[in-house]
Number of protein chains: 2
Amino acid sequence: MKRIALSVSVLLSVTFVPAVVADEGMWQPHQLQGLRQQLEERGLEIHPEKLADLTAHPMNAVINLGGCTASFVSPEGLAVTNHHCAYRVLQYNSTEENNLLRDGFLAREKSQEIFAGPGSRILVTVAVDDVTAAVRKGLGGMSPRERYDAIEKRRKELIAECESDPGHRCRVAAFHGSLQYYLIKALEIRDVRIVYAPAGSVGRYGGDVDNWMWPRHTGDFTFYRAYVGADGKPADHSDDNVPFRPEHYLKVSDAGLEPGDYVMVTGYPGRTNRHRLAAEVENEFGWRYPRRQALMQAMMDLIGEVTEGHPDDAIKYAGTVAGLSNTVKNYSGMLDGFAKSDILERKRRVEEQLVKWTAGMGQSDPLASLREVVAEAQAVRERDLYSPFVRRAALLGSAGTLYRLSHEKEKPDAEREPGYQERDWRRIKERLTRLDRTFSPRVDRALLRWAILEYAAISAGQHVAALDEWFGLRGNAVDESALDALLGEMYAKTQLGDQAKRLAWLEATPKKFEESDDPFIQLAVKLYPGDREREAEQEERLGRLQELQPLYMKAMIAFLDSRGESVYPDANSTLRVSYGTVQGYSPRDALTYTPFTTLAGILEKDTGEDPFDSPPELLTAIRERRFGRYADPSLDSVPVNFLADLDITGGNSGSPTLNARGELIGLVFDGNYEAMASDWVFMPEITRSIHVDIRAVLWFMDAVDEADHLLTEMGVTPAV
Amino acid sequence: MKRIALSVSVLLSVTFVPAVVADEGMWQPHQLQGLRQQLEERGLEIHPEKLADLTAHPMNAVINLGGCTASFVSPEGLAVTNHHCAYRVLQYNSTEENNLLRDGFLAREKSQEIFAGPGSRILVTVAVDDVTAAVRKGLGGMSPRERYDAIEKRRKELIAECESDPGHRCRVAAFHGSLQYYLIKALEIRDVRIVYAPAGSVGRYGGDVDNWMWPRHTGDFTFYRAYVGADGKPADHSDDNVPFRPEHYLKVSDAGLEPGDYVMVTGYPGRTNRHRLAAEVENEFGWRYPRRQALMQAMMDLIGEVTEGHPDDAIKYAGTVAGLSNTVKNYSGMLDGFAKSDILERKRRVEEQLVKWTAGMGQSDPLASLREVVAEAQAVRERDLYSPFVRRAALLGSAGTLYRLSHEKEKPDAEREPGYQERDWRRIKERLTRLDRTFSPRVDRALLRWAILEYAAISAGQHVAALDEWFGLRGNAVDESALDALLGEMYAKTQLGDQAKRLAWLEATPKKFEESDDPFIQLAVKLYPGDREREAEQEERLGRLQELQPLYMKAMIAFLDSRGESVYPDANSTLRVSYGTVQGYSPRDALTYTPFTTLAGILEKDTGEDPFDSPPELLTAIRERRFGRYADPSLDSVPVNFLADLDITGGNSGSPTLNARGELIGLVFDGNYEAMASDWVFMPEITRSIHVDIRAVLWFMDAVDEADHLLTEMGVTPAV
């Protein structure tokens with residue numbers, strides 16, 4: 001939906017109350033032409049058509065890191081993203097002595113750039129084609145199972161054909177709940193290198209304390225470089241590779257930015273749920289989020305306890321803990337935001353109106369059957385939430401992946417489950433290789449034990465038979481000493497902790513697994529049949545949804561169109577454009593957040609202790625006011641972070657923020673606490689995105705880290 | 001000093017940065033004519049001369065409660081002040097069953113109004129006369145001791161003459177450190193009654209959590225009524241008394257108020273230290289405040305422990321704890337504010353400039369001798385800080401007062417120490433009577449024991465011989481079991497806990513005290529000679545200051561006058577006028593406090609638990625938006641509290657806030673956390689006063705407590 005709502009006042013301190021407008025929507029680039037009037041009202045200076053061409057500037061410079069976004073900023077494949085997007089890569093390449101996370105890193109020349117590691121990818125979208133007709137033809141008469149299988153088969157075929165072009169990765173993405181399908185083709189660059197990361201005390205300034213918070217002062221940026229073979233084509237990492245020369249890269253603007261200025265974000269937002277039913281919203285906020293939050297907090301506490309006094313283990317699990325901490329805080333904010341919002345009432349009202357409207361048109365109720373399927377899924381919600389936590393233990397998870405792969409390999413590639421096709425094998429191998437850096441048997445065992453106890457406590461009727469049998473559970477009863485003995489034996493006996501032996505299973509047949517005496521392999525084998533049954537159940541349900549959701553969305557789109565409202569699809573990790581303006585907000589009565597923070601705020605916050613321990617040279621540069629031309633005269637300092645009212649979600653992290661002329665003015669890196677429920681509901685008065693101002697990035701590079709050669713490469717003249 | 005400084009921006013969210021001006025100064029009413037231009041620039045609509053006439057409207061309506069301010073708001077002596085100014089009175093009149101503090105109180109007719117208790121006073125200033133010449137004549141050739149005695153004698157004579165007019169209380173107040181003296185004559189009304197107090201969850205909303213904080217939502221108001229004899233003259237409490245009919249009372253304005261509007265506060269600010277020397281500032285913030293804070297926190301913790309499970313004792317000490325808590329938070333804020341300010345450097349710079357300027361005029365250094373006296377006082381700072389905490393124990397304090405009184409009574413009245421003259425006897429008696437309500441032997445003993453241990457630990461060289469001897473201290477060594485035995489015996493044996501016996505000592509001669517076997521009386525007798533010695537030391541020092549301070553202030557006034565700056569005297573509990581405008585501020589980077597809170601903010605804050613437990617009927621009225629005409633259209637709600645940039649301090653609590661026409665628009669009740677050091681330094685960017693908006697007071701009265709008859713009495717038509 002495209003909704004432009006007048007917000008409540010955010011500026012009570014001035015006698016006039018300006019009407020603040022916030023812009024909901026993560027738009028498909030081709031939709032922007034239809035929004036031309038709004039875009040121009042906000043201040044866009046280039047033609048929206050320019051944004052629809054994915055092969056041209058600026059869209060072609062926007063790249064996908066898988067879960068994050070980045071953008072090319074030089075003709076030699078230099079790319080900028082968020083520090084937190086590079087967190088795991090920096091962690092993977094850190095040791096106690098050479099700690100990239102803590103100390104940062106700067107390659108003074110290309111030969112010093114560090115290979116990010118197996119699995120790091122840069123994806124450059126090169127084509128997006130509507131394949132709805134091909135995917136959906138003749139689905140009408142099919143059973144749910146047939147429908148699901150047919151759609152999967154057609155998607156795989158389209159992908160396989162697309163990926164026959166070497167060096168590319170393709171996907172068929174569903175829009176509006178399988179109403180539309182697009183084939184997305186991307187160049188897949190496999191040799192990604194770390195060029196420059198600021199110290200952790202800059203890149204993660206404020207840490208978990210400031211995460212999701214405003215006012216914010218985080219230098220959340222890191223630079224990568226894309227490398228390809230000497231022929232210019234994607235290649236595995238090699239010293240012979242050369243920097244990738246993108247057709248287009250973003251021009252950096254240090255011309256400045258003011259409250260109310262037009263801004264847009266182009267990137268790969270992961271997932272939103274703006275079109276879910278009221279019943280789903282109720283289940284998520286009333287049951288699932290609170291439970292998941294409690295489980296993740298408990299996991300985090302447990303890791304903290306178990307790694308206490310084991311610095312090696314603590315480093316291995318730092319990324320996991322950071323992720324959990326982020327999620328727990330996210331859930332808190334979502335639940336707080338939900339409690340204060342009227343989203344449920346509004347959903348119910350819109351659904352009622354929709355049903356009434358369709359009835360008025362003589363059509364059948366588009367919601368009745370959909371609601372039944374939702375209720376069915378909720379009947380097994382305990383099982384579906386708790387049992388996956390058992391599989392999160394690394395050795396059991398790896399065993400499950402390996403055994404499943406052995407089965408999938410027996411099928412023709414096109415029939416294999418997504419994620420297990422030949423195109424996925426390298427990633428699976430990379431994941432299993434990387435495991436050593438993020439895994440400790442002590443911690444893994446403690447996590448598995450905890451997950452079993454949590455799982456044992458759910459309604460006995462939702463238990464998984466094979467799990468109960470293996471761990472000797474009877475209903476909710478657990479013999480803890482027997483469990484400890486069993487776990488002791490399993491971790492003593494397994495050889496999956498050994499990288500070479502683990503990777504060897506990649507080539508094994510199902511039979512070899514079934515004959516193995518490795519306890520984790522044995523358990524994976526026992527879990528397999530039940531897992532497939534539940535998967536089939538779920539796919540059957542998906543098949544029904546693939547019929548019902550398009551009906552619902554089609555009706556909803558028509559209904560909203562009748563009210564003059566455009567509809568954007570829920571986010572699905574495809575390239576989108578969000579637009580809006582630089583805007584503060586009022587989080588509480590008599591309190592206003594203004595939209596720019598400055599270096600002065602770092603002096604206010606800094607305590608010298610993590611997470612407010614700026615590098616001394618940074619503090620000195622601020623105190624000495626060595627701002628160069630990066631300072632904003634009206635702020636009398638260098639802007640660090642800013643707020644905008646445009647619409648983002650996870651996956652947008654690292655996305656370039658562009659000005660009205662399409663120039664790079666920042667990187668989006670967070671949303672605000674008050675709007676954490678924004679994946680479900682966009683609230684114009686308080687939903688804000690948090691950006692690092694490019695002037696801060698340039699200033700850090702120039703005044704603190706002396707990355708003059710990178711500034712020059714980006715076309716910026718060092719100034720401090 | 002009158003300084004008008006441009007502040008840093010407090011409104012970064014708007015593209016223009018308005019120049020915010022804040023007004024330092026608590027001015028003597030007669031000084032306002034000289035500030036006419038500034039006052040009119042801020043928006044004053046009445047002639048400043050009107051504010052200089054203490055017998056006319058509006059100044060005549062502003063009354064002194066002793067430590068707080070109030071104002072008459074009806075022709076029948078109805079007066080409004082802060083709830084926190086009435087705290088001890090409400091506590092004194094509360095029992096477990098009839099808890100005025102918790103439940104509030106509303107007299108539906110005059111006969112239900114509750115006598116506030118002995119000691120409650122309303123003072124109406126009727127004349128202020130310059131008596132400098134009379135006090136200071138011929139002091140030149142005197143020794144410090146002679147000078148001190150002469151000044152005291154002359155002050156007493158002036159007071160005695162003034163108080164020969166029955167029903168009046170007079171004082172001679174020193175301005176600019178004894179450069180000037182004014183005789184202040186006030187009508188003293190002794191029959192003060194409680195008319196209306198809102199529930200504690202309104203009057204203290206936010207409690208200690210919100211104390212000193214913004215945004216604030218406290219309904220900090222209470223109504224008293226002044227009663228006099230049938231002849232219209234002040235009289236002791238009696239059922240035959242009639243409401244006092246003030247010559248003038250304030251007109252309530254519910255016309256509204258906007259950011260930037262002119263506001264002024266008229267009241268009795270207690271004490272500021274804006275003209276202290278750098279050496280004194282350094283001692284206060286570097287040593288004395290941190291020590292006092294620690295001692296008061298410890299006292300508070302101890303009272304908490306000792307009263308746990310003793311609700312009667314807890315009620316008795318609630319007022320003491322509230323006072324301590326307030327002070328501890330105040331000190332924290334002052335120390336934080338001081339740490340961030342450059343006050344010390346600025347003081348040093350101004351002192352240097354002053355010395356240079358006077359040297360340039362061929363005059364001697366006005367600071368050299370003054371600095372010597374300051375250093376002398378600091379040499380006994382441990383003794384002077386710690387030993388008074390021993391005397392804070394109620395029985396020892398009472399014994400000391402009584403014994404001293406017996407000595408003072410032997411002198412002619414005019415020679416008696418201030419506080420022990422005939423005019424003071426009634427107050428002493430009232431204090432000793434009231435003691436029962438705020439004293440428990442268990443708690444008192446614990447406090448005395450703690451204070452002795454704290455005192456024992458100071459430098460042995462600063463110990464008080466008589467204290468050491470009585471409690472068996474040797475240097476810093478304490479035999480705790482002997483101490484406990486002694487205290488046990490003292491509290492078992494003393495009869496001072498008995499009100500009648502305690503009051504009987506009011507008539508005793510020194511000889512009777514010296515023969516007493518009451519241990520607290522005995523200890524007071526032993527402490528007396530040393531106390532007098534130290535008092536004489538101090539008075540001798542004061543005599544020197546009475547010569548040196550006027551020289552310093554005279555030089556400083558001349559110096560600042562040479563720079564075109566006016567000088568207001570430090571606050572001294574005399575009637576002053578502060579002026580400024582309604583203004584928010586920016587406490588931190590990217591954060592702006594707007595100047596009005598609203599009822600909507602109460603819904604945001606309310607948790608249902610103390611201190612955020614608004615009465616249910618209040619929450620309902622807000623939810624139902626029963627705002628009447630009290631709502632501000634631009635806020636879309638009723639304003640609750642507001643900020644102004646005018647200059648206040650303790651003693652101003654309860655002061656009326658007036659608009660440009662001199663109408664009542666609020667009551668000032670607090671300062672903000674960031675500016676707690678403002679008794680020492682006024683910082684225009686962040687020093688703010690917090691006011692309860694009169695529209696909130698009227699709304700609470702009208703929509704929540706149905707005090708329609710009081711509204712009518714105030715000339716307001718009930719509207720909800």
Side-chain angles (χ1 to χ4, degrees), chain A residues 8-18 20 213-217 256-261 336 339-340 581-606 622 632-643 672 674 688 690 693, chain B residues 8-18 20 210 213-217 256-261 336 340 581-606 622 632-643 672 674 688 690 693:
Chain A
V8 297
S9 159
V10 297
L11 280 172
L12 298 178
S13 68
V14 288
T15 48
F16 63 91
V17 177
V20 175
M213 292 299 164
W214 190 259
R216 193 68 160 279
H217 298 84
L257 195 62
E258 291 192 351
D261 277 0
D336 281 3
K340 285 179 192 158
T581 56
V582 175
Q583 286 293 348
Y585 68 106
S586 171
R588 292 205 312 275
D589 190 32
L591 206 156
T592 296
Y593 287 148
T594 54
F596 286 98
T597 60
T598 69
L599 292 178
I602 295 180
L603 294 186
E604 288 174 9
K605 274 186 183 172
D606 218 81
I622 301 175
D632 185 315
S634 71
L635 299 170
D636 193 30
S637 185
V638 177
V640 179
N641 293 162
F642 66 86
L643 295 172
N672 59 326
E674 292 80 5
R688 294 292 178 272
I690 305 180
D693 194 298
Chain B
V8 298
S9 160
V10 297
L11 280 173
L12 297 179
S13 67
V14 288
T15 48
F16 62 90
V17 178
V20 175
D210 270 8
M213 291 299 163
W214 189 259
R216 193 70 159 279
H217 299 83
L257 196 61
E258 290 192 350
D261 277 1
D336 281 2
K340 284 177 192 160
T581 56
V582 174
Q583 286 294 347
Y585 68 105
S586 171
R588 292 207 311 275
D589 191 31
L591 206 155
T592 297
Y593 287 148
T594 54
F596 286 98
T597 60
T598 70
L599 291 178
I602 295 180
L603 293 186
E604 288 174 10
K605 273 187 185 173
D606 217 80
I622 300 175
D632 184 316
S634 72
L635 299 170
D636 192 31
S637 186
V638 177
V640 180
N641 293 161
F642 67 86
L643 294 173
N672 60 326
E674 293 80 4
R688 295 292 178 271
I690 306 179
D693 194 297

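What you see is a predicted model; the values in this text were computed from it and never measured.
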Open item on the list: I need the minimum non-hydrogen distance between B:Phe596 and A:Ala590, along with the two atoms involved.
Closed with: O-CB, 3.3 Å
Task: Most contacts with chain A, counted as non-hydrogen pairs under 4.5 angstrom, among B:Lys340, B:His217, B:Arg216 - done: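 Sorted descending by pairs with chain A, the first entry is B:His217.
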Open item on the list: Tell me which of these, B:Ser637, B:Pro587, B:Gly601, has more heavy-atom pairs under 4.5 Å with chain A than the rest.
Closed with: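 The residue among B:Ser637, B:Pro587, B:Gly601 with the greatest pair count is B:Gly601.
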Open item on the list: When you compare the side chain of B:Asp589 with that of A:Lys605, does any pair of heavy atoms fall below 4.5 Å?
Closed with: no
Task: Minimum side-chain heavy-atom gap A:Leu591-B:Thr594 below 4.5 Å - done: no
- [ ] Say whether, by atom type as modelled, one donor and one acceptor occur between the side chain of B:Glu604 and the main chain of A:Arg588 under 3.5 angstrom.
- [x]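 A pair under 3.5 Å: no.
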